[in-house]
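Structure record follows, encoded as C-alpha cells.
The sequence lines fix the lettering, A, B, ..., with proteins before strands; numbering per chain opens at 1.
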There are 4 protein chains.
Amino acid sequence: MTLESQSTKEKILQSALKLFSKKGYLGATTREIAKDAGVAEVTLFRHFTSKEKLLEGVLENYSFLPELKQKMPEILSLKYEEALHLIVKTFLKSLLTRKDTIKIIKSEILTHPDKISPFFQPFLRELYETLANYFVEMQRGGILKDFDPTLASRALLGMVFSYFEVEEFIFQREGSQESYEQILRDFVYIFARGTLK
Amino acid sequence: MTLESQSTKEKILQSALKLFSKKGYLGATTREIAKDAGVAEVTLFRHFTSKEKLLEGVLENYSFLPELKQKMPEILSLKYEEALHLIVKTFLKSLLTRKDTIKIIKSEILTHPDKISPFFQPFLRELYETLANYFVEMQRGGILKDFDPTLASRALLGMVFSYFEVEEFIFQREGSQESYEQILRDFVYIFARGTLK
Amino acid sequence: MTLESQSTKEKILQSALKLFSKKGYLGATTREIAKDAGVAEVTLFRHFTSKEKLLEGVLENYSFLPELKQKMPEILSLKYEEALHLIVKTFLKSLLTRKDTIKIIKSEILTHPDKISPFFQPFLRELYETLANYFVEMQRGGILKDFDPTLASRALLGMVFSYFEVEEFIFQREGSQESYEQILRDFVYIFARGTLK
Amino acid sequence: MTLESQSTKEKILQSALKLFSKKGYLGATTREIAKDAGVAEVTLFRHFTSKEKLLEGVLENYSFLPELKQKMPEILSLKYEEALHLIVKTFLKSLLTRKDTIKIIKSEILTHPDKISPFFQPFLRELYETLANYFVEMQRGGILKDFDPTLASRALLGMVFSYFEVEEFIFQREGSQESYEQILRDFVYIFARGTLK
DNA sequence: GATGAATGAGGTTTCATTCAT
DNA sequence: TATGAATGAAACCTCATTCAT
C-alpha cells in the first residue's frame, strides 16, 4: 500500500517533470500530467493539493546534489589544470543530467520566483563557495594570483553554463558528455593561464 | 491616421513586452495587455490577429541591434585589454537595455522554439563571428596565442552573460551599468592573461 | 452618383444572396459579405442599417415573380396533360432560377419566421389560387372530376417541389432543366389520370 | 452512476434538440442549452467535446426508425387504396413526431451537409425502396400500371411531405394527425386512380 | 487511496456595429 | 458617399479544482 502509493506519487512527479519541462508550468495541464502518469486527474490532487504544490514537489524531488563536494578530496590532490578540468566536467555532467529541471527553472523563475529562488539560490551560493574555497586554498599555496575567488568561480562556471545553455536550448543540440570534452579543455586552458601566478 | 494607428500598435507592443516579460506568454492575458495599453481587447486583435502574432511582433520589434559592430573601429584602435573591456561593456549594456526581451526569450524558448530560434540564432552567430574576427586579427598580429577564436568568444561572452543572468534573474538584483564595472574588469583581466601570448 | 450607389447596393445584395445561401444568415458574416462585394464593411451598414435589414433586402429584391400567370393564356389553349406539363415546367424553372433564395427561405424560416412568412405566404397562396382557378375552369367544362381544386394544386406542386428539394439539397445533384423533363412527364401522367373524369 | 450520467446526457440532448430546432444551430448557444438542461456549461462539453459533436449526438439519437417496414405485412393484406392510406398515414405520423429533428435537418443541411447527409440520405433511399418494392409487387399482380416505381414513391411521399412542410413551417399551423385525415384521403384518391390499371 | 461527474472562473477570439474623418 | 479604426457583448471552450462514492 505505502509502496503502491509512493510509486503513484513518483509516477506523477516524473510525468510532471517531463511535461513542465516540455511545455512550461502553465502550458502543461493537470489533465495531461495525470493521463501521462496513468492516473485519474483527481488522484493528482489527492497527492499534491494544488498544481503549485506539484511544481514544488518536482523541484524538491529532483533537487541538485552537491556531487562536487564529494569529489573535493580527489580534486585537491590533482595538478591545478587537471583539477579545474575535473571540476567543470563534474559540473557539466550534472547539468546534462538535470537538464529537464533546468528547463523548468529557466522558464519559471520569471513567473514563480518565490517558488524557484528559495530552492535555487542556496544551491548556487554553496556551489560558488565550494569552488571559491578551492581557489583560496591555492592562493594561500602561492600557486594562484590574488583575484576575487568567488568572482572567478562565477567566471569559470559561467563560461560552461552559458555554453551548455546556448547549445542545448538555443541551438537545440542534445550534446553528449564526450562532445563537450574538448571545449572544456579549451575553457580550462584559458582560465588556468589567466589565474596562475 | 497612420500616426495615430502606429501609436496604438506601439502602445500595445510596449504593454505586451512588459507583461510577457513579467508573467510569461501564457501568464499574461490579452485582456490585461489591452487594458494596460488603454485600448479595447478587440483592438489588439485588429492589429495582431492572434496572441501568437503579438508575441512575434514583440520579438521582431525589439530585436537586438549589432551595436557592437558599430563600435568595431574604435575597438581595433585600443590596446587588447582595453578593447576587451569596451566589448563586454557594450555587450552588458545591451543586455541591460533588452532585459525584458531576454526574459521572454529565456522563458519561451522552451515552449515556442519555432518562434524564438529563427530570430535569436542568427543574432548569436553573428555576435560570435564578429568577436571571433577580432581575435583572428590579433592572432595574425602575433599578439594572441593560437586558440579557437569562436570558442573564446563564447567563453568571454558566456562569463558575462551568465553573471548577468544570475544577478538579475536568480538573485533579482536590478544592477546598474556602474555596479558591473569592477566585475567586468576582473573578468577581462583573467581572460586577457589567458589568451595573450 | 445614384447609378454608382445603386450598383454598390446591388453588389452588396448579390454577395449577401450568395453567402446567406451558402452559409446561412448567421453563418455569413457582414465582414465577408462586404469583402465579397468589394466594399468596406461600414459601407454595407450605410446602405442597410443592420444585418437584418440586409436579409430583408435580399428577400425583397429577389422575390418570385408570377411567371405562371403570364403563361396562363397559353395554358388554357392546350390539352389538359400538355397544360399540366407546361405548368410544372414553368414552376420547376422558377425553382431552379431562385435556388439560392429558396435555400435561404428554407434555412431561415425557422429562425426568422417574421421576416420570411410575410413575403412568402402571399406568393404561395397566389400560386395555389392561380392553379386552382385553372382546375375549376376544367371542372366546369366537365373535363375533370370533382375534387378540391386547391388541394390538388398543392398535390401537383408538392410532388415537383419535393422532388426538386431532395435532388438539389439532400442529394446535392445540381440538376438541369432537361434532366427533370422525363420525371415531370411521369408525374403529370399520374396526376392527369388521377384527376380526369 | 451510469444511470445518473445517462440521464444528464439525455437532458442535454433534449434541450439541444429543442433549442436547435427553435433557433438553429448557430442561433442556439451552448450556454442556453446547458441552462435549459439544468447543468453547467462545462458539463455539456464533458459529454460532447464540441458543439458540433452535440449536433451529431442530437441527430443520431433521434434518428428515424423504419416504422413503415414494421407495418409492411399489414399493408400487403389491404386493398390498394386502403394500403396507400395506411402508408401515408404512417409517414405523416412520423413526420409529426420528428418535427423538431426535421426542422434541424431543413435548416442545417445547407451549412452542415457533411453532418446531415450521411445520416439522412440512407433513410430516404430506404424509404423510397421500401415503397417501390410494394409497387413492384402490385405491378406483378397486374393491379397497377407499368410506371417507374421509385419515381411514383417520391411522387406520393412528396405530396404529403410538401403539404406537411408548408402547413407546419410556412403557415405555422401545428396540425394534428386528425386534421390531416381528409387531405391524405384526397391525395391517395388522386394517386390511386392515377396508378391503377 | 482512487475515481467519474460536475463546476466557477476565465481564456482567446469573433461578431455586428459606431465614431470620426 | 465611403472608410479605417475602434469597440461592447458574447461566443465556444479549457482549466484547476471539488463532490460524492
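Atom CD1 in D:Ile12 sits roughly 8 Å away from atom P in E:dA6 (whole-Å rounding). The separation between B:Leu19 atom CG and E:dG11 atom P is 13 Å, rounded to whole Å. B:Lys51 has its NZ atom 19 Å from the P atom of F:dC13, to the nearest Å.
Using the six-membered ring where Trp is involved, D:Phe20 and D:Tyr25 have ring planes that are tilted, between 30° and 60° apart.
With rounding to the nearest 0.5 angstrom, the CG atom of C:Leu54 is 9.5 Å from the CD atom of C:Glu56. Within the model, atoms CG of B:Leu26 and NE2 of B:His112 stand 6.5 Å from one another, a figure rounded to the nearest 0.5 Å.
Phosphate contact (OP1/OP2 of F:dA2, side-chain N/O of C:His47, threshold under 4.0 Å): present. The phosphate of F:dA5 has neither OP1 nor OP2 within less than 4.0 Å of any side-chain N or O from B:Thr43. Between B:Thr30 and E:dT13, a side-chain N or O to OP1/OP2 separation shorter than 4.0 Å is absent. For the OP1/OP2 pair of E:dA6 and a distance below 4.0 Å, the side-chain nitrogens and oxygens of D:Thr8 include at least one atom meeting the criterion. Between A:Arg31 and the phosphate of F:dC15, there is a side-chain N or O to OP1/OP2 separation shorter than 4.0 Å.
Note on A:Lys99 versus A:Glu168: salt bridge recorded, some NZ/NE/NH1/NH2 to OD/OE distance being below 4.0 Å.
If you check every strand for non-hydrogen atoms under 4.0 Å, C:Ala28 touches sugar and phosphate atoms only. Across all strands, B:Thr29 comes closer than 4.0 Å only to sugar-phosphate atoms, never to a base (heavy-atom distances).
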